[in-house]
Amino acid sequence: MAKKKGKAAQKAHKTNAVRLVEAENIPYTMHEYEAPEGFLDGVSVAESLGQNPAQVFKTLVAVGSSGQYYVCVIPVAGELDLKKAARHFGEKKMEMLLSRRLTEVTGYVKGGCSPVGMKRLLPTAIDASAKEFKTIIVSGGKVGLQMELPLEPLQKLIDAKLADLIS
């Protein structure tokens with residue numbers, strides 16, 4: 001259901017995430033969806049794209065007891081298990097980053113947070129369920145834009161490890 005666009009429309013979609021993926025010559029497909037109220041939950045995004053929710057991933061940012069920020073990329077229908085995430089990253093405890101701080105920390109807004117192209121590279125883990133798919137779909141860096149790409153090049157680009165992150 002990805003829409004092909006002319007050059008002018010393609011330029012409008014050149015987010016930091018897209019630029020970085022292109023710079024590394026990673027094959028990707030853009031998917032667009034309507035978000036009439038500025039935000040859709042991940043399951044609704046997957047449904048609007050006609051995609052399996054298990055293959056569409058959301059990007060969550062958490063903060064450890066050390067004060068370090070971490071990125072967790074999990075299926076949109078899943079719930080992040082903060083204890084598992086803390087164990088993976090070697091933290092005693094973790095909590096979700098307050099949404100009002102998301103832009104300050106990542107450069108992205110809620111609903112458009114991509115694991116690619118944040119202000120700085122943060123320790124990142126992708127839920128191990130991603131291995132089940134040839135490609136996964138993540139935010140393209142703004143609300144209404146998703147990009148589908150192979151897991152291994154994505155992992156390499158954002159220096160992500162696979163981990164069991166959902167409850």
So how far is it from [X] [atom1] to [Y] [atom2], rounded to the nearest 0.5 Å?
X	Y	atom1	atom2	result
Gln55	Ser129	CD	OG	10.5 Å
Leu49	Tyr33	CG	OH	8.0 Å
His31	Leu145	NE2	CG	10.0 Å
Glu95	Leu97	CD	CG	9.0 Å
Asp81	Cys72	CG	SG	10.0 Å
Lys134	Ile136	NZ	CD1	14.5 Å

Is there a path of hydrophobic side-chain contacts, each under 4.5 Å between heavy atoms of I, L, V, M, F, W or Y residues, that connects [X] with [Y]?
X	Y	result
Met118	Val138	yes
Val71	Tyr108	yes
Leu121	Tyr69	yes
Leu122	Leu82	no

Close side-chain approach of [X] and [Y], heavy atoms under 4.5 Å:
X	Y	result
Leu60	Ile74	yes
Gln68	Pro123	yes
Ser114	Thr15	no
Leu102	Val109	no
Arg101	Val63	no
Pro27	Pro150	yes

Shortest non-hydrogen separation from [X] to [Y] and the atoms involved:
X	Y	result
Gly117	Leu20	CA-CD1, 3.3 Å
Phe57	Val76	C-CG1, 3.9 Å
Gly140	Val18	O-CG2, 3.9 Å
Asp41	Val43	OD2-N, 3.1 Å
Ile126	Gln155	CD1-CG, 4.0 Å
Val56	Ala46	CG2-CB, 3.8 Å

Kindly determine whether Ile26 and Leu154 satisfy side-chain contact (heavy atoms from CB on, under 4.5 Å), including the steps that lead there. CA-CA 8 Å; Ile26 298 171; Leu154 172 63; over 6 Å; no

Could you check whether atom CD of Glu22 has more than 12 heavy atoms from other residues, nucleotides or ligands sitting under 6.0 Å from it? yes

side-chain contact (heavy atoms from CB on, under 4.5 Å) evaluation trace for Val105 with Lys119: CA-CA 7 Å; Val105 172; Lys119 284 183 172 181; over 6 Å; no

Which pairs would a plain distance check flag for residues 85-94, meaning a side-chain donor or acceptor within less than 3.5 Å of a matching protein atom at least two apart in sequence or in another chain?
{"residue": "Glu91", "atom": "OE1", "partner": "Ser65", "partner atom": "N", "Å": "3.2"}
{"residue": "Glu91", "atom": "OE1", "partner": "Ser65", "partner atom": "OG", "Å": "3.2"}
{"residue": "Glu91", "atom": "OE1", "partner": "Ser66", "partner atom": "N", "Å": "3.1"}
{"residue": "Glu91", "atom": "OE1", "partner": "Ser66", "partner atom": "OG", "Å": "3.4"}
{"residue": "Glu91", "atom": "OE2", "partner": "Ser66", "partner atom": "OG", "Å": "2.4"}
{"residue": "Glu91", "atom": "OE2", "partner": "Tyr70", "partner atom": "OH", "Å": "2.5"}

Leu98: which other cluster members, linking ILVMFWY side chains closer than 4.5 Å, directly or transitively? none

side-chain contact (heavy atoms from CB on, under 4.5 Å) for Val45 and Gln51? Distances and angles first, verdict last. CA-CA 9 Å; Val45 169; Gln51 299 290 333; over 6 Å; no

Taking it one step at a time, do Glu148 and Phe133 satisfy side-chain contact (heavy atoms from CB on, under 4.5 Å)? CA-CA 11 Å; Glu148 181 175 355; Phe133 304 99; over 6 Å; no

Please tabulate, for side-chain N and O atoms in residues 159-167, each donor-acceptor pair with protein atoms closer than 3.5 Å (sequence neighbours left out).
{"residue": "Asp164", "atom": "OD1", "partner": "Lys84", "partner atom": "NZ", "Å": "3.4"}
{"residue": "Asp164", "atom": "OD2", "partner": "Lys84", "partner atom": "NZ", "Å": "3.1"}
{"residue": "Ser167", "atom": "OG", "partner": "Glu79", "partner atom": "O", "Å": "3.4"}

